[in-house]
Amino acid sequence: MENRWILSPARQLTEEEISLVWQKPATHIESEAERRISAEVYRNWTRGEMKITTILLEGDAGSGKTQLAKALSANFGLPYTKVTCFADMDKSDILGSILPVLPEDGNKAEAVTYNYYPSEIVQAYEKGWLLEIQEPTVIRDAAVLMALNSALEPEGSINLPTRIARRHPDFIAVITTNRGYNGCRPLNEALRDRVQHSEKMDLPAVEVMMERGLAKTGCTDQELLLTFARAIVLLDQTAKANAIKGVAGMRSYFFWVDAVLQGSETVEALYHKVIYKITTDPEEILILEQALSKQGLPAALERISPPSVKTTGEIMEIHTEGSMDAELSDLAPTDMPAVTLRKSADSEGHANDDGENTSSTQSSDQGENGAPIYHELQPASSEELEQQKRDFRKHLNQQAREMVKGSCHEKVNLIVHRPEVTLAHHREYEQIASGLLPVIRELVRKTAPLLEHEVATEFGTSRLYGTKFHAEKLASPDFRCFSQKRPPNEEPSLAVALRIDESASMNAFGRLTAAKQAAVAVYEFCASCGIPTLIYGDTADRSPLERMSLYSYIDYENPSLNDKYSLMAIQGHSNNRDGMALRILGEKLLQAPQKTKLLISISDGQPKALPDYTGEVAIADMKEVIREYSRQGIVFLAAAIGQDKETLCDIYGPERYLDITDLRQLPARLVQVIAKYL
């Protein structure tokens with residue numbers, strides 16, 4: 001079939017360039033995105049300033065970004081090349097390098113000459129090729145991205161060490177990047193603005209997956225292709241909803257289908273080709289297994305038996321029963337070695353300071369006989385402490401009222417409380433904490449490597465390449481004349497807010513106990529890792545004069561006044577005005593200096609408060625709050641522990657929703673989610 005999208009039919013390519021034009025294999029299936037981009041670029045190619053020359057493909061691994069970039073090379077008749085970005089990339093990787101050329105006879109006494117070697121980017125830029133720029137979001141140095149910005153101007157040029165490189169009229173840049181993966185940052189705004197066409201690359205529809213699976217593997221069993229595709233989609237959605245960093249994509253789908261066609265057992269191949277590629281963490285695997293079982297997929301997979309498959313008769317079961325707490329407890333030995341943790345620079349002052357500011361504090365650590373270790377320290381005078389508490393409570397009330405101005409909650413009577421602690425609260429806290437410590441310690445142990453960092457600002461010298469040329473080194477016998485700044489390693493930067501619904505319905509079915517356990521687990525984990533934390537509860541309509549009640553248990557704004565035992569004062573009261581609570585916590589998180597801001601809401605039902613905050617009105621308010629603060633960078637997550645799970649899923653969206661069927665799993669699930677954002 002004749003290619004109808006050739007951009008420059010009169011152009012004569014060299015033999016080298018012809019060899020670089022991608023040839024579509026027989027298994028290639030043309031996608032809607034490919035047809036759409038090809039038609040858009042072809043239509044605008046001769047329209048001057050409306051010409052499309054920079055394309056962004058953003059999506060998960062395995063969604064077909066590179067395949068699409070190569071397909072565009074074939075459609076446009078342009079040579080294809082690529083550059084894969086990396087964290088320590090510098091300008092020399094964009095512009096090319098000047099390197100010394102040693103005399104052929106090896107005589108160091110002769111004059112040393114230097115040659116300029118252009119980068120792959122410069123070659124594609126000057127010769128008019130299609131260049132795929134993979135993962136520019138991992139680049140640490142902002143100056144590198146600025147160099148890319150100037151190169152992507154429609155009539156742009158690049159200032160090279162030896163000349164000025166002009167942009168070839170046929171040059172097309174295709175930027176491919178993942179969304180929110182480890183080591184990735186948001187794409188630079190200036191770079192994104194230079195994109196003329198963008199595609200959101202997700203898993204294709206099930207029908208398209210089946211069509212591609214048939215082309216790639218030759219499998220003609222439609223039931224197998226359909227069931228496997230449904231399983232891949234479900235696993236991908238579950239991983240995203242539970243902050244599991246792995247991805248179930250088309251590559252996993254192809255290799256799973258192919259393995260079964262070659263004789264592997266269906267469920268066994270599912271683990272080795274899909275699940276273990278997503279994660280090998282036992283708790284996360286349990287979450288994925290439960291999602292499959294809930295949809296009845298294990299039974300459907302067991303029924304599939306292609307004619308070419310030879311099985312041994314053995315059956316692998318997917319286990320969905322059991323307590324996550326118990327399994328995690330087994331992972332943490334009592335003689336676990338100590339872990340050294342360092343706080344990130346922007347977390348300074350936000351860690352738990354209870355032990356240094358209260359008259360009788362009790363650590364969560366235990367002695368050899370299992371009894372808690374008490375530490376008696378000298379506090380400030382009782383009068384001074386009480387005055388500080390009153391002043392902070394007054395500040396929180398004023399702050400909260402300011403935060404709801406201009407919203408539908410502006411005229412709602414609001415009071416922020418700081419619950420007092422009793423001896424009974426101490427005993428209850430220690431009882432809960434003792435059962436959760438094995439889970440917390442194991443997760444802290446896994447998280448500790450993420451928190452260790454070294455900050456270096458010095459320069460590495462005597463390099464063959466770099467960002468700074470040293471003329472005084474020209475006579476150096478090792479001929480190394482460059483230096484490069486050593487950038488600091490990435491530091492975890494996270495602030496967490498936990499919002500607990502304290503409506504009356506929380507008193508039923510053990511929900512209140514689960515909420516307390518979750519609060520303790522989140523607090524202990526965050527305190528161990530130096531993560532700034534907010535833990536607030538809320539209820540509505542306690543009295544005609546107190547239409548909204550906020551309970552500030554933990555607030556990183558003044559950690560010296562926090563008392564973790566106050567978490568045991570969490571209880572069910574009356575109604576719930578969710579949108580107002582989310583707005584206040586969202587505003588508090590926006591003021592935090594941390595880059596990642598996570599707001600977790602534990603709720604058992606729909607919003608409902610007097611006189612008319614209910615139904616569609618309340619749901620619309622919550623959705624607006626979530627949209628507004630999500631745009632500002634706050635990550636929302638709803639843990640649904642009641643009967644209104646479908647409504648809560650609709651309000652927050654499936655990607656921000658945790659379905660907690662077994663309340664015993666709530667504490668561990670929340671701590672696991674927080675750890676994923678470090």
Side-chain angles (χ1 to χ4, degrees), residues 393 396-397 400-401 403-404 409 412-422 424-425 428-429 432 496-523 533-555 562-586 588 599-610 613-614 618-619 621-622 625 636-645 647-648 651-652 658 660 663 666-667 670:
R393 186 168 60 247
L396 292 178
N397 276 274
R401 294 188 184 102
M403 289 173 172
V404 296
H409 310 287
V412 175
N413 294 330
L414 164 68
I415 296 181
V416 180
H417 301 272
R418 294 280 288 177
E420 294 296 328
V421 174
T422 67
H425 290 154
E428 185 180 5
Y429 188 100
I432 291 176
V496 174
L498 178 64
R499 175 255 171 175
I500 299 173
D501 173 9
E502 295 193 26
S503 58
S505 57
M506 287 287 287
N507 290 315
F509 307 111
R511 297 169 187 167
L512 197 62
T513 300
K516 288 183 179 181
Q517 292 174 343
V520 171
V522 168
Y523 173 78
T533 311
L534 297 170
I535 301 181
Y536 273 62
D538 63 270
T539 190
D541 306 324
R542 285 192 63 182
S543 72
L545 297 178
E546 189 175 346
R547 288 299 187 191
M548 180 65 175
S549 306
L550 277 180
Y551 301 92
S552 172
Y553 300 107
I554 302 295
D555 193 312
N562 288 333
D563 193 333
K564 62 184 181 181
Y565 301 108
S566 67
L567 294 172
M568 298 301 98
I570 295 172
Q571 58 184 298
H573 296 282
S574 184
N575 294 326
N576 50 307
R577 190 179 291 268
D578 301 55
M580 190 173 183
L582 293 177
R583 182 175 292 276
I584 292 172
L585 287 178
K588 289 182 73 71
L599 199 166
I600 304 173
S601 175
I602 299 177
S603 180
D604 71 332
Q606 303 181 42
K608 181 179 180 181
L610 297 175
Y613 190 78
T614 187
I619 291 175
D621 175 58
M622 288 185 65
V625 170
F636 285 87
L637 190 65
I641 60 174
Q643 302 304 313
D644 292 329
K645 295 178 179 179
T647 302
L648 290 173
I651 293 173
Y652 286 89
L658 286 179
I660 308 298
L663 292 181
L666 178 61
L670 292 189

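Residues Val421 and Ser566 meet the side-chain proximity criterion, which asks for heavy atoms closer than 4.5 Å. Using a 4.5 Å heavy-atom cutoff, the side chains of Met622 and Val625 are not in contact. Side-chain atoms of Ile415 and Asn397, non-hydrogen and from C-beta on, do get closer than 4.5 Å to each other. Arg547 places none of its side-chain heavy atoms less than 4.5 Å from the side chain of Met580. You'll find the side chain of Ile554 stays beyond 4.5 Å of the side chain of Leu498, heavy atoms only. Annotation: side chain of Val412 is not in contact with side chain of Val404 (no heavy-atom distance under 4.5 Å).
For the residue pair Ser574/Arg542, the side-chain donor-acceptor check at 3.5 Å is not satisfied. Side-chain contact annotation: Asp621 with His409, donor-acceptor N/O pair under 3.5 Å present.
When the side-chain hydrogen bond (donor to acceptor under 3.5 Å, both in side chains) test is applied to Arg393, no partner is found at least two apart in sequence or on another chain. Listed by chain and residue number, nothing satisfies the ring-ring contact (aromatic ring centres under 6.0 Å, His included) test with Tyr553 (two or more places apart in sequence, or in another chain).
Between atom CG of residue Leu585 and atom CD1 of residue Ile600 there is a gap of 11.5 Å, rounded to the nearest 0.5 Å. With rounding to the nearest 0.5 Å, the separation of CG in Asp501 from CG in Leu648 is 9.0 Å. Expressed to the nearest 0.5 Å, how far CG of Leu534 lies from CG of Leu599 amounts to 8.5 Å. Taking CG of Leu414 as the start and CD1 of Ile584 as the end, the distance is 5.0 Å to the nearest 0.5 Å. Summarising the geometry, atom CD1 belonging to Ile570 is positioned 11.0 Å from atom CD belonging to Gln517; distances are rounded to the nearest 0.5 Å. Here OH of Tyr536 is found 14.0 Å from CZ of Arg499. Values are rounded to the nearest 0.5 Å.
Of all heavy-atom pairs between Ser552 and Leu396, the closest is OG-CD1, 3.7 Å. Smallest separation of non-hydrogen atoms from Ile619 and Pro607: N-CG, 4.3 Å. Here the shortest heavy-atom pairing between Ala609 and Asp541 reads CA-OD2, 3.4 Å. Between Leu670 and Ala518, the shortest heavy-atom distance links the atoms CD1-CB, 3.7 Å. Taking each heavy atom of Met548 and Thr539 in turn, the nearest pair found is SD-O, 3.5 Å. For the residue pair Asn413 and Leu545, the shortest heavy atom distance occurs at CB-O, 3.3 Å.
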Apply side-chain contact (heavy atoms from CB on, under 4.5 Å) to residues Asp563 and Glu420 and explain how you reach the verdict. CA-CA 9 Å; Asp563 193 333; Glu420 294 296 328; over 6 Å; no
Intermediate values then yes/no, side-chain contact (heavy atoms from CB on, under 4.5 Å), Met568 and Val520: CA-CA 9 Å; Met568 298 301 98; Val520 171; 3.5 Å; yes
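Of the possible donor and acceptor atoms, one in the side chain of Asn576 sits under 3.5 Å from a partner among the backbone N and O of Gln606. Judged by distance alone, the side chain of Asp538 and the main-chain N or O of Leu550 form no donor-acceptor pair under 3.5 Å. The closest donor-acceptor contact from the side chain of Tyr613 to the backbone of Gly579 lies under 3.5 Å.
Annotation: salt bridge (Lys or Arg N to Asp or Glu O under 4.0 Å) contacts involving residues 512-521, sequence neighbours excluded, comprise Glu428-Lys516.
In this pair, Tyr429 and Tyr565 present their aromatic rings perpendicular. The plane angle is above 60°, beyond the 30 to 60° band.
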